[in-house]
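Below: one structure, written as structure tokens.
Side-chain atoms are counted along with the backbone in the values below, which use heavy atoms only and exclude waters and symmetry mates. Letters go in sequence order (proteins before strands), and every chain restarts at 1. None of these values were measured; they are calculated from a predicted model.
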Amino acid sequence: MLITKIFHILRDHFGCQLYWWPGDTPWEIVVGAILTQQVAWANVEKAIETLKDNNILEPEKIIAVDIDKLQQCVRPSGFYRQKSKRLVNMARYVLDNHLTIERMLSQPAISLRKELISINGIGFETADAIMCYAGSHPVFVVDEFTRRMTRCVGLPETEDYHAIQDMFMGELCGDNRLYKEYHGLIDELGFYYCKKSKPRCDECPLREVALSNR
DNA sequence: ACCCAGGTGGCCC
DNA sequence: GGGCCACATGGG
């Protein structure tokens, strides 16, 4: 019940975010999910804009373009050599195995997740973000903010990705919209109240829950 | 100047 | 099979 309660508190505090992940197409969401690894979203926007401006966002373009050019575009999002490679890996996989990202995403969740994880540069979180936000599969995405939040409110102590994911999905047995919304709200919470450098625990909308659950 | 941000894979033992 | 570490730019 606690997980459901937290959702309502967050939604009341931040309001509905509806389709929270920015991006006009599934592929753009995939690109964003890779570029945002370990980096604030603000850094990613510039990179995506540049890819669009140069008309090399699409998978066909990403595998065809000069790696130097790709790296220049990706640069603002950090780890640009790694991330360029990861975009190429992903694009090549889609084209070789499914032709389009839409076809790849439309397969059953189990096999889709296996495929995503098998691609070098796609881990648990990125795979789930792609499934949830680009593919509209009912999957809850766990990230650093989620871990911080669960620790903070006294939910069972674990760092394990799937343990945390199971905890949320077990209680919510949800629906894609709910998972989209919940993860978005947690990241809003993290962005405003749970910065590692200057957390604002005293003003956090979850402070009551955290106190009463100790 | 320093710390940190919506992770992942490789290497070492 | 867990614990480190490189990866790199940009903003506070």
Side-chain angles (χ1 to χ4, degrees), chain A residues 6-7 10 14 17-23 26 28-51 54 67-93 113-135 137 139-152 157-165 168 176 178-201 203-204 206:
Chain A
I6 290 171
F7 175 77
L10 293 179
F14 292 107
Q17 316 252 309
L18 259 40
Y19 310 118
W20 157 81
W21 194 295
E28 188 180 332
I29 293 172
V30 169
V31 171
I34 291 171
L35 294 187
T36 198
Q37 291 169 352
Q38 186 56 29
V39 150
W41 180 256
N43 292 13
V44 177
E45 283 179 328
K46 205 181 294 177
I48 293 188
E49 278 318 299
T50 312
L51 289 168
N54 287 273
I67 190 67
D68 290 337
K69 173 108 181 256
L70 184 59
Q71 289 182 353
Q72 289 314 308
C73 298
V74 168
R75 177 167 242 124
S77 73
F79 307 114
Y80 65 92
R81 281 185 285 262
Q82 261 192 357
K83 286 180 178 176
S84 298
K85 222 177 288 172
R86 291 176 182 183
L87 290 180
V88 172
N89 291 343
M90 182 67 199
R92 190 174 297 290
Y93 188 92
R113 192 164 196 271
K114 258 184 212 140
E115 288 196 352
L116 287 168
I117 300 285
S118 79
I119 300 166
N120 187 297
I122 311 288
F124 296 148
E125 183 185 333
T126 307
D128 287 338
I130 289 169
M131 292 181 60
C132 180
Y133 290 99
H137 286 271
V139 173
F140 180 75
V141 181
V142 175
D143 66 354
E144 182 53 30
F145 284 146
T146 313
R147 291 196 172 87
R148 226 174 267 173
M149 188 274 272
T150 57
R151 249 178 271 144
C152 195
E157 196 69 38
T158 174
E159 290 292 298
D160 181 75
Y161 187 94
H162 293 111
I164 298 176
Q165 186 177 47
F168 278 80
N176 172 255
L178 176 58
Y179 292 137
K180 274 181 176 150
E181 195 68 6
Y182 206 157
H183 176 72
L185 288 168
I186 288 173
D187 277 8
E188 288 292 298
L189 179 79
F191 186 80
Y192 290 111
Y193 297 100
C194 320
K195 300 262 193 201
K196 199 183 283 183
S197 39
K198 61 170 182 114
R200 300 164 52 202
C201 301
E203 305 161 72
C204 174
L206 298 181

Can A:F168 and A:T150 be said to form a side-chain contact (heavy atoms from CB on, under 4.5 Å), step by step?
CA-CA 10 Å; A:F168 278 80; A:T150 57; 3.7 Å; yes
Residues in side chain to side chain contact (heavy atoms under 4.5 Å, CB included) with A:A91, at least two apart?
A:W27, A:P59, A:I62, A:I63
With sequence neighbours left out, what residues match A:S84 under side chain to side chain contact (heavy atoms under 4.5 Å, CB included)?
A:I67, A:L70, A:Q71, A:V74
Please give, in whole Å, the distance from [N] [atom2] to [X] [atom1]?
| X | N | atom1 | atom2 | value |
| --- | --- | --- | --- | --- |
| A:N89 | B:dT8 | CG | P | 14 Å |
| A:K195 | B:dA5 | NZ | C1' | 7 Å |
| A:I117 | B:dG7 | CD1 | P | 15 Å |
| A:Q37 | C:dC7 | CD | C1' | 11 Å |
| A:R81 | B:dT8 | CZ | C1' | 17 Å |
| A:R147 | B:dA5 | CZ | P | 13 Å |
| A:D143 | B:dT8 | CG | P | 10 Å |
| A:Q38 | B:dA5 | CD | P | 7 Å |

Inter-nucleotide P distance (C:dA8, B:dA1), Å rounded
23 Å
On a whole-Å scale, what distance lies between the C1' atoms belonging to B:dA5 and C:dG3?
22 Å
Angle class for the A:Y133/A:H183 ring planes (parallel below 30°, perpendicular above 60°, tilted otherwise)?
tilted
Pairs satisfying salt bridge (charged side-chain N to carboxylate O under 4.0 Å, His left out), at least one member in residues 113-128 of chain A, at least two apart:
A:R113-A:D128
What do the steps show when you test A:R147 against A:I164 for side-chain contact (heavy atoms from CB on, under 4.5 Å), and what is the final call?
CA-CA 8 Å; A:R147 291 196 172 87; A:I164 298 176; 3.7 Å; yes
Of the nucleotides B:dC4, B:dG7, C:dA8, which has the atom closest to the A:E144 side chain?
B:dG7
Answer whether the closest heavy-atom distance between the side chains of A:F145 and A:R148 falls below 4.5 Å.
yes
Any side-chain heavy-atom pair of A:W20 and A:L185 under 4.5 Å
no
Base, sugar-phosphate or nothing for [X]? Non-hydrogen atoms, less than 4.0 Å.
| X | result |
| --- | --- |
| A:R148 | sugar-phosphate |
| A:I122 | sugar-phosphate |
| A:F191 | nothing |
| A:I34 | nothing |

DNA chain B nearest-nucleotide lookup for A:G121 and A:F145: closer to the 5′ end is A:F145
Heavy atoms of A:L35 and A:A47 approach each other most closely as CD1-CB, 4.0 Å
Do any N or O atoms of the protein come closer than 3.5 Å to N or O atoms of nucleotides 3-6 of chain C, and which pairs are they?
none

Mind listing the N/O atom pairs, protein and nucleotides 9-12 of chain C, below 3.5 Å?
unit_1	atom_1	unit_2	atom_2	d
C:dT9	O2	A:N43	ND2	3.3
C:dG10	O4'	A:N43	ND2	3.4

List the atom pairs, donor and acceptor, that lie under 3.5 Å between side-chain atoms in residues 194-201 of chain A and the rest of the protein, sequence neighbours left out.
unit_1	atom_1	unit_2	atom_2	d
A:R200	NE	A:E203	OE2	3.3
A:R200	NH1	A:Y192	O	3.1
A:R200	NH2	A:E203	OE1	2.9

